[in-house]
Every structure is written in C-alpha cells, then in structure tokens.
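What's counted below: heavy atoms across the whole structure, side chains too, no hydrogens, waters or symmetry copies. Residue numbers begin at 1 in each chain, while the letters A, B, ... track the order of the sequences. The structure displayed is predicted, hence computed values, not measured ones.
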Amino acid sequence: MERGSGLPAGQAGGEVTKSEILTVFTTRPDTIFGVDFMVLAPEHELVKKITTEAQRAEVEKYLTYVESRSEVDRMAEVKKVTGAFTGAYAINPFSGRHVPVWISEYVLAGYGTGAIMAVPCGDERDHKFAKHFNIPITNIIGANYTGEEANPTKEAVLENSGFLNGLVMHQAIDVAIDEIEKRGIGQRQVNYKMRDAGWSRQRYWGEPFPVVFKDELPYAMSESELPLELPPADNFKSAGNGEGPLANLKEWIDFAPGLRRDSNTMPTHAGAAWYFLRYMDPHNKHAFADKKALDYWGQVDVYVGGSEHAVAHLLYARLWTKVLHDLGYLTFDEPFKKLINQGKIQGDSRFVYRLMSNPLIFVSKKAKDAYGFDKVVTEKMQRVVRHIRGEKGGVFRYDEMQNGLHVDIKLVDGETLNIDKFKKWRTDFERSQFIFDDGSSTIFDETGVYTCGSAIEKMSKSYYNVVNPDDIIDDYGADTLRLYEMFLGPLEASKPWSTQGIDGVFKFLRRFWNLFHDNTGRFRVSEEDPTREELKVLHRTLKKVEYDIEHFSFNTTVSEFMICANELSALKCHKRKVLEPLVIALAPYAPHITEELWSLLGHTDSVFNGRFPAWDEQYLKESEFNYPISINGKVRAQMNFALDMPKEDIEKQVLASEIVRKWSEGKPPRKVIVVPGKIVNVVV
RNA sequence: GCCCGGGUGGUGGAACUGGUAGACACGCAGGACUUAAAAUCCUGUGGCUAGUAAUAGCUGUACGGGUUCAAUUCCCGUCCCGGGUACCA
C-alpha cells in the first residue's frame with residue numbers, strides 16, 4: 001500500500017444534475033485507463049447523495065441485506081458476489097470516460113477511503129464483479145489478459161491507456177502519480193491498516209476482566225478492589241448462548257444487585273505479554289515487580305520461539321513493555337534483547353489420488369502423471385482408461401482426479417503404498433481398486449507398484465505425517481535423539497524429519513563411552529598426566545564448544561565433540577585430567593550418559609553442579625603455519641613458515657620456490673600479497 | 001501480492017571480520033578381524049579430462065553480470081524453495 005489518487009465523480013446520464021468528488025486509494029494508478037466502474041462500501045457517505053431515483057429502491061434493498069449480515073457472515077462468505085448500481089456515473093479525469101458507480105460489501109468502509117476504482121482486467125475481485133453484473137471489460141494489457149481471468153501483472157506493456165501507452169506497468173506507476181500530482185487531483189500516500197484484536201475467550205482458564213457492568217455499561221473496577229481472581233469452579237463446560245463456563249457461576253456473575261461481571265476471560269496472550277516481568281519478583285504484593293528486581297534482571301536476554309508467534313504474542317509483549325515504559329515503570333522499552341526463531345521439524349507427507357467419477361479407484365502418482373506431452377502411453381494404461389471411461393482409452397486427465405488425499409505415512413514404504421495396510425486403514429477403503437505405475441490394476445487382478453505423491457509440510461495429525469520420537473528413544477536412547485536433533489543443522493533451519501545419519505551420533509556416544517572403558521567393559525580411567533598433544537585437543541575443544549554455545553551453533557558443537565573423541569581414541573588417551581572436563585562440557589548435550597560417567601569418575605553429586613571448564617590459550621599456540629601458496633588466486637602448493645617470520649622473508653622464499661618459477665615462466669611477478677597466518681598470493 | 005528466511009557433493013550440513021570450498025556425519029565402494037554374523041577398525045569418495053601409476057590440468061557454492069590480488073561470503077539483476085500474512089484495492 002503506497003500511493004493514492006483522487007477522482008472526481010459526478011452524476012451523469014442524460015444531464016449532469018449535481019456533482020461530488022469521489023476519492024479513492026489505489027496501489028495501481030498505472031491501470032487508471034482500465035477503470036470500468038467504481039465501487040463504494042455500502043456505508044460510504046456518498047451512497048445516499050448520488051443514488052438516482054430510479055435506483056433508490058434497489059440500493060435500499062441491498063443496504064437492508066448488508067445490515068442483516070453479521071461480521072462473521074461477511075468474513076466467511078468471501079466468494080459470493082453481491083452489489084447494487086447507484087445509477088450514478090463517475091468521470092475518469094484522464095479519459096473523460098463515464099463509468100458506473102456501484103456499491104458492494106467486498107469494499108470495506110474501514111480501509112483506504114472506502115471506495116475503489118475497479119480494474120477488472122487486472123484485479124480478481126473486480127473481474128468477478130464485472131462478469132457477474134455484465135459490465136464490459138476494457139483490456140489495457142493486450143495478450144496478457146485472456147478474457148477468462150484477471151492478470152495482476154506489473155510487467156505488461158500498457159495499451160488503451162492514453163499518455164501511459166507503451167510504458168511497462170511498474171514504470172507507469174510513477175509517471176501516473178506525477179501527472180496526478182501535477183494536476184492537483186490527488187497525492188502520494190502511504191496507507192496503514194489497524195486491525196482490532198478480539199480479547200475475549202469463552203473458557204475458564206484465563207484472567208477475568210476487572211470490569212463491572214451497570215445498566216449494560218462497563219466500568220473499570222477501582223484499584224482497591226483488585227485483584228479480581230478467577231472464582232473456584234467445578235463445572236468447566238460452556239454455559240450455552242455463546243457464553244463461557246464462568247456464566248454458570250450465577251452468584252459470581254450477578255454478585256450485587258444491579259451489578260454484573262463479564263463471563264469472558266482473557267486469551268493466553270494476556271499473561272504471555274508480561275509474565276517475564278512478574279517472574280522477576282513473583283511474591284510482591286504491592287507491585288508487579290520491585291524497581292530493584294527490574295533493574296537487576298532487566299530485559300530478557302534471549303527469546304527462543306517459533307515464527308508463528310511473531311505476529312500476535314511478540315506484538316503484545318512489545319506493546320505491554322512499551323506502555324509500561326511510557327508510564328515510567330520500566331527503564332527499557334523492548335522486552336527481549338535477542339530473538340531466535342527456531343526452525344520446525346517438518347513432516348514428509350504422502351498422497352493418494354482418487355478419480356472424480358469413482359472415489360474408490362486410486363490412481364498412482366506415476367499413472368496420474370502419464371497425462372502430458374511426450375509421455376509414452378502403454379497398452380496397459382490405455383486398457384485401464386478404456387475400462388473406466390468406456391471409450392477409446394488414452395490417459396487420465398488432471399480434471400478427472402480429485403486433489404491428493406493424505407495417507408498415513410505408516411502405510412507407505414518410502415513412496416510405495418502398502419495396498420493391504422491401506423485397505424484396512426479405513427473401512428470405506430476396504431473395497432477400493434488401484435491403478436499402478438505402469439497402468440496395471442487390481443481391477444484385472446494384477447499386482448504392481450503404487451507410487452504416492454509427496455510433500456514437505458508441517459507435521460500435523462490431520463496430515464497423517466507425524467513421527468513419534470519414542471521409537472527412536474527405544475532404539476537408541478534419549479541422549480542419541482537429543483544429540484541428533486542438534487546435529488541435524490542450524491537451530492533456525494526447518495527441515496523434514498529423517499533418521500538418516502542417526503547412527504553417526506550413536507557411534508560417537510559409544511566411542512566417547514569407550515574412552516572410559518576397555519573392551520571388556522571395565523572402567524579404566526588413569527591418573528597419569530596428559531601429554532601436550534592431549535591437552536591441545538582438550539583445550540581446542542573447550543574453546544570451540546564455548547564459542548558455539550554462545551552463538552547457538554549446536555550442530556557444530558556436536559561435530560567438534562566427534563572430532564575430539566576421534567582424536568583421543570587415536571591417541572589412546574584415557575586420562576582423568578582430559579576426560580573429566582569433557583564430561584562437564586558434554587553434559588548439556590547428552591545428560592544421561594555424562595551423569596553416569598560423572599558418577600563412575602567418583603563424584604557423588606550431579607554433573608550439573610560442575611563448573612564449565614576454562615580453556616587456556618597457552619595450549620593452543622602454534623609456532624608455524626602451513627601457508628597455502630596461490631598463483632593468480634589458485635592454490636598450487638603449501639609451504640611451512642614460522643608465524644613470526646617477517647613478510648619480506650616469506651615473500652623471498654616463496655618467490656624462490658619451484659612452483660612460482662613453474663607458473664611465472666621466468667617473468668618477474670607483478671604483485672605478491674602475504675597475509676600472515678592465512679595465505680600467500682602471487683600474481684604473475 | 002506483501003513481509004521474513006533460504007538455495008553448497010548422492011544426503012544432512014561446515015567454512016570466524018572476503019583468504020586452501022566441502023569440516024563433521026550419513027550413504028556408497030574396497031579391505032582387515034571373525035567358522036559366521038553383529039560390533040569395531042583402516043582406505044577411498046564433487047564433476048570432467050589425460051596417465052599403468054604416483055600425479056597433473058580444467059571445472060565447480062541456484063542462474064547472469066560486477067567489485068577485488070582473492071568472492072559461498074560484498075554489490076546489481078533473475079529464477080526457484082520454505083514460513084508468515086491478506087476480500088487490505
């Protein structure tokens with residue numbers, strides 16, 4: 001929503017008797033020559049003024065109809081086309097064309113100016129309206145408009161558009177606005193939409209409204225009467241008449257003569273918007289939190305949540321915080337310092353396809369897709385189609401198929417449907433027939449492969465694509481599941497659930513365990529002092545793990561632990577001074593196995609009482625570095641130099657090397673770049 | 001349509017402020033141990049070309065351009081995918 005323009009509207013039709021200015025808001029002023037009619041919201045103030053005598057009865061009838069429709073009706077029935085002609089005509093300021101002015105409920109009084117310019121060739125709703133009421137449609141986008149449906153493109157070249165002819169639409173937008181502003185009939189405008197939020201729920205659990213009704217008018221309770229607590233109840237069923245369970249408690253609702261409470265409660269958003277503030281000082285009887293507590297805890301450091309909360313909950317939490325800040329209760333005006341939207345594990349759904357003409361015949365994905373260009377149509381395929389259609393065969397058309405039907409993934413092996421299980425799945429599928437990939441079919445008592453369609457979507461019971469982690473826990477244990485979920489990829493990435501690769505983390509845990517045990521299963525941790533090499537492995541791992549935790553990069557932490565375990569296995573390191581710190585570092589990732597190892601190491605308290613081990617840079621210092629030597633940006637060789645070697649010396653040695661001589665063919669190099677500790681690049 | 005993410009081997013993914021693309025793992029191939037299996041261990045594994053081979057060269061991070069000694073990383077444009085949202089003009 002960016003721009004607006006105004007159009008004068010007049011009453012025409014024979015002779016002009018009076019005229020009004022009709023202002024509209026549009027994001028597409030480029031389509032102004034395609035305007036075939038105007039539509040006002042039924043509530044628009046001009047409706048009464050411009051309706052002609054001849055149309056008055058029809059308009060009144062329509063207004064009565066609209067009044068009879070509740071907000072819910074209007075929201076629910078969005079497809080129905082309704083409207084009435086006012087008898088008035090608007091004059092297009094550019095073309096001078098007279099176009100009819102209609103009213104319709106699809107134009108909302110609360111948005112823009114409550115009036116639109118209708119361009120049926122470019123807007124779907126306008127198009128439906130024009131078709132329904134037989135309003136002629138002007139085509140301003142040539143072949144881009146088929147006559148069948150509207151095309152909202154911005155890429156078409158304009159036709160029938162006066163001074164905009166020949167321009168690509170997205171360029172014409174600015175040209176049109178400039179012209180509108182030049183003529184002083186409208187201006188550029190950014191439009192915002194505010195939406196009301198329903199704050200009542202018809203259920204028991206929720207904050208009751210601190211409001212008292214007197215003569216049907218609500219009054220806020222005074223502060224001394226607060227808090228209003230949720231009354232005890234044992235009947236949680238709704239009270240009927242659209243009222244929630246609290247309406248059952250007559251003595252609570254009608255608590256005093258002439259006074260009445262609200263039976264609704266607040267949505268979970270209400271508490272969720274500020275509970276983190278109350279947590280700072282939960283027992284305070286005088287304020288939601290003491291200033292000292294608020295100053296101490298401050299903002300929430302990290303908020304981890306799904307992006308589905310981004311609209312409602314986060315918006316409310318921010319609003320609450322900002323209001324409390326403006327009222328002087330908080331020193332900060334944003335609730336959360338950092339927001340992380342964790343990804344979702346998605347489901348891998350499977351579909352079967354039934355025929356429109358016979359919902360008991362299921363066609364495989366591959367047989368269904370045989371319709372199309374360059375597809376080989378097999379004899380079997382012809383035969384089965386002939387059987388069903390009773391004509392000369394061919395292939396199935398898309399319009400003969402129902403939309404894909406979700407099938408339980410437990411009935412599918414990979415993409416192949418298990419026919420027997422499927423028939424038993426639901427009783428109405430018992431007598432179903434199947435057409436397989438190659439066109440063979442159970443109709444002819446044949447067997448074959450039925451390939452399902454597939455899609456990655458959110459995991460949902462209604463999609464039958466839910467996998468239960470309990471099965472993984474049974475096979476591998478909870479630590480493996482936990483570790484695997486972290487190893488799968490970045491916290492913020494969404495991905496379909498797949499157990500491919502779970503063996504890797506399971507093997508790691510076993511290998512880690514084996515560092516503490518010999519191959520007969522006996523505990524064998526020694527008290528020996530570690531070597532410098534072992535200490536380097538330990539401290540490098542601790543450094544990396546600490547860094548990764550602070551950056552929420554759990555998948556790379558797990559691979560660092562794997563590298564560490566691989567190296568310590570190779571070093572045959574079974575020393576307490578190396579292993580004990582690692583047990584603490586791994587504990588948040590694999591709590592069960594580390595708790596066990598911690599106990600085996602002789603501790604009597606929990607590993608989670610341990611302190612995260614500190615790493616020391618002194619074990620990580622390198623004295624030399626294996627420099628990649630690149631020629632013209634491509635790495636051709638490696639050369640080892642001390643890290644404190646001066647650039648000039650490195651350059652000298654590199655230029656004298658075999659590899660540089662080979663690539664420079666005797667010519668002197670044009671440029672040499674030495675980046676200490678990183679790379680050497682020679683340009684020849 | 002708009003807003004927010006993302007696109008790297010057969011697969012999941014790694015690469016800090018531009019500096020050896022493919023860490024770690026899965027899968028696959030070959031091998032060791034074993035009567036056998038499981039478990040474990042070792043080797044190889046982006047693609048193409050040449051060579052018996054060690055190896056060498058080219059190419060490669062969705063696509064097309066650009067900046068740079070150097071681009072998965074920065075800039076411009078295009079396409080595709082995931083999520084959110086909308087009778088919003």
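For B:A89, the OP1/OP2 oxygens have no side-chain nitrogen or oxygen of A:Arg125 closer than 4.0 Å. The phosphate of B:U40 (OP1 or OP2) has no side-chain N or O of A:Arg511 nearer than 4.0 angstrom. Listed pair A:Asn555 / B:A14 meets the phosphate criterion, a side-chain N or O lying under 4.0 Å from OP1 or OP2. The side chain of A:Arg28 places no N or O atom within less than 4.0 Å of a non-bridging phosphate oxygen (OP1 or OP2) of B:G1.
Spacing between atom CZ of A:Phe554 and atom C1' of B:G13 amounts to 17 Å, rounded to whole angstrom units. For the pair A:Glu124 CD and B:A89 P, the computed distance is 13 Å after rounding to whole Å. Across the protein-nucleic acid pair, A:Ile502 atom CD1 and B:G27 atom C1' stand 15 Å apart, rounded to whole Å. If you measure from atom CD1 of A:Ile563 to atom C1' of B:C24, you get 6 Å, rounded to the nearest angstrom. In this entry the distance linking NZ of A:Lys495 with P of B:C81 reads 20 Å, nearest Å. For the pair A:His551 NE2 and B:C16 P, the interatomic distance rounds to 11 Å; values are reported in whole Å. The separation between A:Asp503 atom CG and B:C28 atom P is 11 Å, rounded to whole Å. Protein atom NZ of A:Lys543 is 10 Å distant from nucleotide atom C1' of B:C16, rounded to whole Å.
Of the two residues near RNA chain B, A:Ile679 and A:Asp123, the one whose nearest nucleotide lies more 5' is A:Ile679. Each of A:Ala115 and A:Ser630 was assigned the nucleotide of RNA chain B with the nearest heavy atom; the assignment lying further toward the 5' end belongs to A:Ser630.
The environment of A:Arg318 atom CZ is sparse: at most 12 non-hydrogen atoms of other residues, nucleotides or ligands sit within 6.0 angstrom. Atom NZ of A:Lys652 has 12 or fewer heavy atoms from other residues, nucleotides or ligands within 6.0 Å. More than 12 heavy atoms of other residues, nucleotides or ligands shown are found within 6.0 angstrom of CD on A:Glu181.
Rounded to a whole angstrom, the distance from the P atom of B:G27 to that of B:U85 is 38 Å. Nucleotides B:C81 and B:C42, compared at atom C1', are 40 Å apart to the nearest Å. One P atom belongs to B:G66, the other to B:U8, and the distance between them is 24 Å to the nearest Å. Comparing the same atom, C1', in B:A14 and in B:C24 gives a spacing of 7 Å after rounding to whole Å. The same atom, C1', is picked in B:U11 and in B:U45; the two are 14 Å apart, to the nearest Å. Distance noted for atom C1' between B:U49 and B:G84: 49 Å (whole Å). Taking atom P on both nucleotides, B:A71 is separated from B:U67 by 12 Å, rounded to a whole Å. Nucleotides B:G9 and B:U61 place their C1' atoms 10 Å apart, quoted to the nearest Å.
Set against B:G19, B:G12, B:A14, the side chain of A:Pro490 has B:A14 as its closest nucleotide. In the set B:A15, B:G19, B:C24, the nucleotide with an atom closest to the side chain of A:Phe487 is B:C24. Distance from the side chain of A:Lys507 is smallest for B:C26 among the nucleotides B:C16, B:C26, B:C69. Proximity note for A:Ser559 (side chain, C-beta onward) versus B:A89, B:C24, B:G57: the nearest is B:C24. Distance from the side chain of A:Tyr106 is smallest to B:C87 among B:C87, B:A89, B:A39. Of the candidate nucleotides B:C24, B:U20, B:A39, B:C24 has the atom lying nearest to any side-chain atom of A:Asn566.
When both pairing distances are held under 3.5 Å, B:U78 makes a Watson-Crick or G-U pair with B:A62. Remark: B:U72 base-pairs with no nucleotide; criterion is Watson-Crick or G-U wobble with both hydrogen-bond distances under 3.5 Å. The nucleotide B:A15 finds no pairing partner, because no Watson-Crick or G-U wobble arrangement with both distances shorter than 3.5 Å includes it. If you check B:A29 for Watson-Crick or wobble pairing at under 3.5 angstrom, you find it paired to B:U43. Judged by Watson-Crick or G-U wobble contacts below 3.5 Å, the nucleotide B:G1 has B:U85 as its partner.
The aromatic rings of A:Trp513 and A:His517 lie parallel to each other, their planes meeting at an angle below 30°, with 60° marking the opposite boundary.
At the heavy-atom level, A:Asn681 lies under 4.0 Å from base atoms of the strands shown. If you check every strand for non-hydrogen atoms under 4.0 Å, A:Ser494 touches nothing.
A:Asp479 and A:Tyr589 share no donor-acceptor pair across their side chains, judged by distance under 3.5 Å alone. If you check the side chains of A:Asp126 and A:Tyr106, you find a donor sitting under 3.5 Å from an acceptor. Between the side chains of A:Thr556 and A:Ser559, not a single donor N or O lies within less than 3.5 Å of an accepting N or O.
Base orientation of B:G9: syn, since the glycosidic angle falls within 90° of 0.
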